[in-house]
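Read the structure below first, then the notes.
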Amino acid sequence: MKNFYIVARSNSITHETNIKLVKEYLESKGAKCTVDSCYLPDNVDSIINVPDNTDCVITVGGDGTVVRIAHSIVPDNIPIIGLNCGHLGYLCDMNPDNIEHCLDMLLTDSHKLENRMMLEGGISGIDNETYTALNDVVVRSTDAGSSVITLTVKVNGIKLYSHDCDGLIMSTPTGSTAYNLSANGPIVSPHAGCIILTPINPHTLNSRSIILAVNDEVDINIEGRRDEDLESAYVIFDGIKRLTLNKGQILKVKRSSKTTRMVMLENVNFLERIRVRMQEI
């Protein structure tokens, strides 16, 4: 790799310092390095102008930064590597203590590339537009914490269950260590092919996370708790894109044909990575 593009979540002093270290080191080794001067925007629809000849995108921030940039560059299929300046950094192989070592591995092509599965979904009858998610698609009550919603879930057209709950998380293996983990969902190896369903605060004693096959298709609709209810829920893709699901509409989610290419530097087993990250909490 010789052409790099750096984008950060913000212009904090920590981020600026690490961007400078990365840029200066890469350029000292003869590589070309472009820095996004506008930083990473909150809006998933914003355009990030990555140069055509970019070999790798380096994100500076945390896992959220990796997820946000993934949405913008998926069509270009450019590999991503994260420099963790945040908290756990499950998706980041670089940290401020190993920058030069990691950059050397990139420059000498001593790395692996992994294709991480994504989800895609949309609300039927709403412009037939679909959206992607690297981590998860979350259905959440518009009045979470004050009232619950009744969600009916079908898999491949067959009813799975109806739950009174605050919402539901549909996660990829990559996203199993994100919101899914906080909701007591299972940790799944990113190399597995599956879709994880985890209810959020279900009002039942027998509700559990369910792991579906990778090619299963999930339909979700709201069942009104009373005939006069006009209930609705938010549908949130990776915490970025938000839609509104109303009673009578159906949210359809399945595996996307698109993937996110992740650069993997360290020869660390997934379980070893989890063990180390958990000890840092």
Side-chain angles (χ1 to χ4, degrees), residues 9 40 42-44 59 61-71 74 80 82 84 86-92 116-123 131-149 151 153 160-161 163-190 192-204 207-212 214 216 218 220 222 232-245 251-256 260 262 270 273-274 277-278 280-281:
R9 179 68 183 85
L40 193 60
D42 289 331
N43 191 337
V44 69
T59 66
D63 287 348
T65 311
V66 174
V67 171
R68 287 180 183 274
I69 191 65
H71 285 265
V74 159
I80 307 173
N84 183 38
H87 298 289
L88 293 178
Y90 286 106
L91 303 181
C92 301
R116 298 289 183 92
M117 71 166 280
M118 303 181 76
L119 297 174
E120 69 177 27
I123 299 174
Y131 305 90
T132 57
L134 173 61
N135 268 352
D136 49 43
V137 181
V138 176
V139 181
R140 179 171 65 80
S141 169
T142 55
D143 195 19
S146 299
S147 62
V148 300
I149 51 177
L151 294 179
V153 178
L160 179 61
Y161 55 63
H163 276 333
D164 291 347
C165 56
D166 284 349
L168 178 72
I169 304 166
M170 287 163 284
S171 170
T172 66
T174 296
S176 70
T177 53
Y179 194 4
N180 169 74
L181 179 60
S182 299
N184 293 319
I187 296 175
V188 178
S189 168
C194 63
I195 300 173
I196 308 159
L197 302 185
T198 299
I200 305 171
N201 297 332
H203 287 220
T204 175
S207 178
R208 297 289 186 271
S209 294
I210 297 176
I211 298 179
L212 303 177
V214 69
D216 284 342
V218 182
I220 298 175
I222 299 173
S232 62
Y234 292 129
V235 180
I236 309 168
F237 294 79
D238 277 343
I240 307 170
K241 183 65 179 181
R242 178 178 293 189
L243 308 176
T244 299
L245 177 68
L251 169 67
K252 295 181 174 290
V253 177
K254 64 180 181 179
R255 179 187 188 179
S256 176
T260 296
M262 300 288 296
F270 169 71
R273 182 187 294 262
I274 289 296
R277 293 292 190 267
M278 288 297 185
E280 295 173 351
I281 294 178

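Only a predicted model underlies this, so the values are computations on that prediction, with no experimental measurement involved. Below, each value reflects all heavy atoms present in this structure, side chains not excepted, and no hydrogens, waters or symmetry copies.
- With hydrogens and angles disregarded, a donor-acceptor distance shorter than 3.5 Å links the side chain of Ser171 to the backbone of Ser176.
- Judged by distance alone, the side chain of Asp63 and the main-chain N or O of Tyr90 form a donor-acceptor pair under 3.5 Å.
- Two residues are said to be in side-chain contact when any heavy atoms from C-beta on lie closer than 4.5 Å; Leu181 and Ile187 meet this criterion.
- Contact of the His163 side chain with the His203 side chain is not registered, since no non-hydrogen atoms from C-beta on lie closer than 4.5 Å.
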side-chain contact (heavy atoms from CB on, under 4.5 Å) between Ile196 and Ile169, worked out: CA-CA 8 Å; Ile196 308 159; Ile169 304 166; over 6 Å; no
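- When all heavy atoms are compared, the tightest approach of Thr59 to Gly82 is OG1-CA, 3.3 Å.
- Note that the CG atom of Leu212 and the CE atom of Met170 stand 10.0 Å from one another [nearest 0.5 Å].
- In this structure, the side chains of Tyr131 and Val235 stay at 4.5 Å or more apart for every pair of heavy atoms.
- Contact annotation: the side chain of Val188 never approaches that of Asn180 to less than 4.5 Å [non-hydrogen atoms, C-beta and beyond].
- Formation of a donor-acceptor pair under 3.5 Å by the Thr172 side chain with backbone atoms of Leu134 is found in this model.
- Counting only heavy atoms from C-beta outward, the side chains of Ile220 and Leu168 approach each other to under 4.5 Å.
- In this structure the side chain of Arg116 reaches within 4.5 angstrom of the side chain of Leu91, judged on heavy atoms.
- In terms of heavy atoms, Arg140 sits closest to Ile149 at C-CD1, 4.4 Å.
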Working for side-chain contact (heavy atoms from CB on, under 4.5 Å), residues Ile200 and Val138: CA-CA 9 Å; Ile200 305 171; Val138 176; 4.0 Å; yes
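- Taking CG of Leu151 as the reference point, atom CG of Leu160 lies at 12.0 Å (rounded to 0.5 Å).
- Heavy atoms only, all atoms of each residue included: Ala192 and Pro173 are closest at O-CG, 3.2 Å.
- Of all heavy-atom pairs between Tyr234 and Ser141, the closest is CD1-O, 4.4 Å.
- Atoms CZ and CD, from Arg255 and Glu120 in turn, are 11.0 Å apart once rounded to the nearest 0.5 Å.
- Distance check, rounded to the nearest 0.5 Å: CG of Leu197 to OG of Ser209 gives 8.0 Å.
- Asp136 has its side chain within reach of Asp238: a pair of non-hydrogen atoms, C-beta onward, lies under 4.5 Å apart.
- Atom NE2 in His71 sits 5.0 Å away from atom OG1 in Thr132 (nearest 0.5 Å).
- Under the 4.5 Å side-chain criterion, counting only non-hydrogen atoms from C-beta, Pro190 is in contact with Thr174.
- Nearest approach of Met117 to Cys194, heavy atoms of both residues: SD-O, 3.5 Å.
- Of all the heavy atoms in Gly185 and Thr198, the pair that sits closest is CA-OG1, 3.8 Å.
- Between the OG1 atom of Thr244 and the CD1 atom of Ile236 there is a distance of 9.5 Å, given to the nearest 0.5 Å.
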Derivation of the side-chain contact (heavy atoms from CB on, under 4.5 Å) call for Leu245 and Leu243: CA-CA 7 Å; Leu245 177 68; Leu243 308 176; over 6 Å; no
